[in-house]
Amino acid sequence: MRRTTRNQPRTVGSSHGGDESAASRGVDVHRTQRLSFLSASLATGAAVSLGGPIGFIGIVVPHLIRLMVGADHRLVLPASAFGGAAFVVACDTISRTALAPLEIPVGVVTAIIGGPFFLWLLIRNR
């Protein structure tokens, strides 16, 4: 199992050219897809169970990071982690100071900022 997880980024990176291209390079495409979907599902479930509606950030921030640094997942993953953390801190600061002494829930601020951005992404790709 240790060897599989060490080679996982390489096999996922090989699949960017399509299933046939990855298979021609010796990647077990079906197994790699299953491991990727399982990992993504577990990570998403854990994030939403711990963070609640703030998990929406996990949808918006990686897309924004991908626009800035490109599609290389070796850069996108760590940049998304740091970008998501910075986004939450900024939204929390806004939620605490915008209507001081009242506090707006941070989920409302993330939805106000992230919702239009996500809609822009959907419209732009059509």
Rounding to 0.5 Å, atoms OG (S39) and CZ (R34) come to a distance of 12.0 Å

For H73 and P78, the nearest pair of non-hydrogen atoms, with its separation, is O-CD, 4.3 Å

Are F117 and V76 in one and the same hydrophobic cluster, where Ile, Leu, Val, Met, Phe, Trp and Tyr link if side-chain heavy atoms are under 4.5 Å apart? yes

Do V61 and W120 belong to the same hydrophobic cluster, where Ile, Leu, Val, Met, Phe, Trp and Tyr are linked whenever their side-chain heavy atoms lie under 4.5 Å apart, directly or via other members? yes

Would a 4.5 Å heavy-atom cut-off, applied to side chains only, mark I65 and F82 as touching? no

Which residues pass the side chain to side chain contact (heavy atoms under 4.5 Å, CB included) test with L75, sequence neighbours left out? V69, D72

Partner set under side chain to side chain contact (heavy atoms under 4.5 Å, CB included) for A98, not counting sequence neighbours: I94, I104

Only counting residues at least two apart or in another chain, list the ones meeting side chain to side chain donor-acceptor pair (under 3.5 Å) with R96. D92

A111 and P116: which non-hydrogen atoms are nearest, and at how many Å? O-CD, 3.8 Å

Same apolar cluster: I113 and M68, side chain cutoff 4.5 Å: yes

In a check of side chain to side chain contact (heavy atoms under 4.5 Å, CB included) between S95 and each of V108, V109, L102, T110, which one passes? V109

Let me check something: do L64 and I112 share a hydrophobic cluster, defined by ILVMFWY side-chain heavy atoms less than 4.5 Å apart, either directly or through other members? yes

